[in-house]
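Reading through the structure tokens given below for one structure.
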Amino acid sequence: MKWNAASAEQAMMLIAKGMHCRMTGEGLRISAISECLRAASHLCSAPGENRKEWEPAASLRLANMAKHRLVPLWPDLIGQGTDTRPGVLEVLNSLAALGDMARLTGGRWLPAPPHAIQVDDEHAVLLGGGPLEVLPSAITLTAKTLGRVRLVEQSACKDWTDIWEVKEWIGAPEKGLQTWAERLIAEAKEQLTDTPNDIGEAHAYVCTKWIRLPELPSGEKEFILCRTRSGQEAFSYFIGEFIRGNLKRLRSISSTDARRLRFYLDVKATRPYRVKATKSQGLTTLRLTRLLPDREAKVLLLGWQLPMPARERPGVTHHVFPWICPRITGHRSTLKLMKPPGVETLVESGISTHYAGETRCSAQWQSPDSGRPCGHPVSAYGRRSPASAS
């Protein structure tokens, strides 16, 4: 037998073929890291000759195993990852957020039980279950590795694992954003405590902006979302009771609740949440103007974040989603997955616009208490669409 050396490009092609992955570039890189982590977790934890039961594996051990196999092809995996170029540990944590891996106490990990998320009438995103080679043959025959997740046919999941609806997977409040926000504020009012003397410099969220407390307008009794710095880059959040512009009492809330409450306050103030989508060559690129609530933001892990384009304004992010199944219309599926409860209507414009082989659209969510979109529809080119110009 004669051994022949393979180039890095040939090695990547072989890896992609073994994972049933049709992507290149960053999509292939994240796919390889994710599948390698699943394989390492199964190898370290599954029962076998020397193990009678499942044994959790340490995150450092899983990361080192993945790096050992992948660094020759992606040398940047040696260092720390970034938002737009995640490393092994960042991908591992994102698999836990998706529900694909189970994170235990003490930095230990196990493969998550298999479950599937319905994305259309025929297909589902498979989460958990381990690497492809240990899945049932009916799954592996149809599975496509798309970044952190695998796309499978729903018919292959029957009698093997449950198929969840998107709302079940996201876990957002069932009764909608407005009901949740009203309940959060009501509960905070019942648990107010006196403001401590050492609260430090605090800011209040008013009219979609953070302003210093001395700049608050003097009004009657009101309750406002506030924050104070608790570290170099961290904040603590609370609901503050203000009387004539002065903070009297407060109730702490989590950063997750604060982020969702901010989203609600922005919608209530009729600030539009605009999403621009471009579909090209099986990939959907979304431009998001601000952060989604934590649970809805989990959908963004189905793709990956792009580097900030030149001249883009701060706070805007760009994300790619690899919907390469002919029955899935990429931008519509992704936008519906992202729509927060309580923001009832998805308004789309320019769906049929084609340019240089691309399909472009723009969309925005409508306020639940109004009969009109929050602002004007924005075309794919950043101008008001003809329908709204009149």
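Quick caveat, the model's predicted, so the values are computed rather than measured.
Smallest separation of non-hydrogen atoms from S45 and W109: OG-O, 3.9 Å. C157 and A116 get closest at one heavy-atom pair: SG-CB, 4.1 Å. A pairwise comparison of heavy atoms in R38 and G130 identifies CD-O, 3.7 Å as the closest pair. Shown here for A156 and A138, the closest heavy-atom pair between the two residues is CB-O, 3.5 Å. Nearest heavy atom pair, residue R148 against residue P86, reads NH2-CG, 3.9 Å.
Other residues, nucleotides and ligands contribute only 12 or fewer heavy atoms inside 6.0 Å of the CE atom of M13.
Neither side chain, E187 nor Q191, offers a donor N or O lying under 3.5 Å from an acceptor on the other. If you check the side chains of D266 and T208, you find no donor sitting under 3.5 Å from an acceptor.
Relative to the ring axis of F235, R227 places its NZ or CZ within 45° and under 6.0 Å from the centre.
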Practice item. Could you check H123 against Q118 for side-chain hydrogen bond (donor to acceptor under 3.5 Å, both in side chains), going step by step and ending with a plain yes or no? Key: CA-CA 6 Å; H123 299 87; Q118 182 179 7; over 6 Å; no
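For the atom pair CG (L37) and CG (L89), the distance works out to 8.5 Å, reported to the nearest 0.5 Å.
Using the six-membered ring where Trp is involved, W54 and H42 have ring planes that are perpendicular, over 60° apart on the 30 and 60° scheme.
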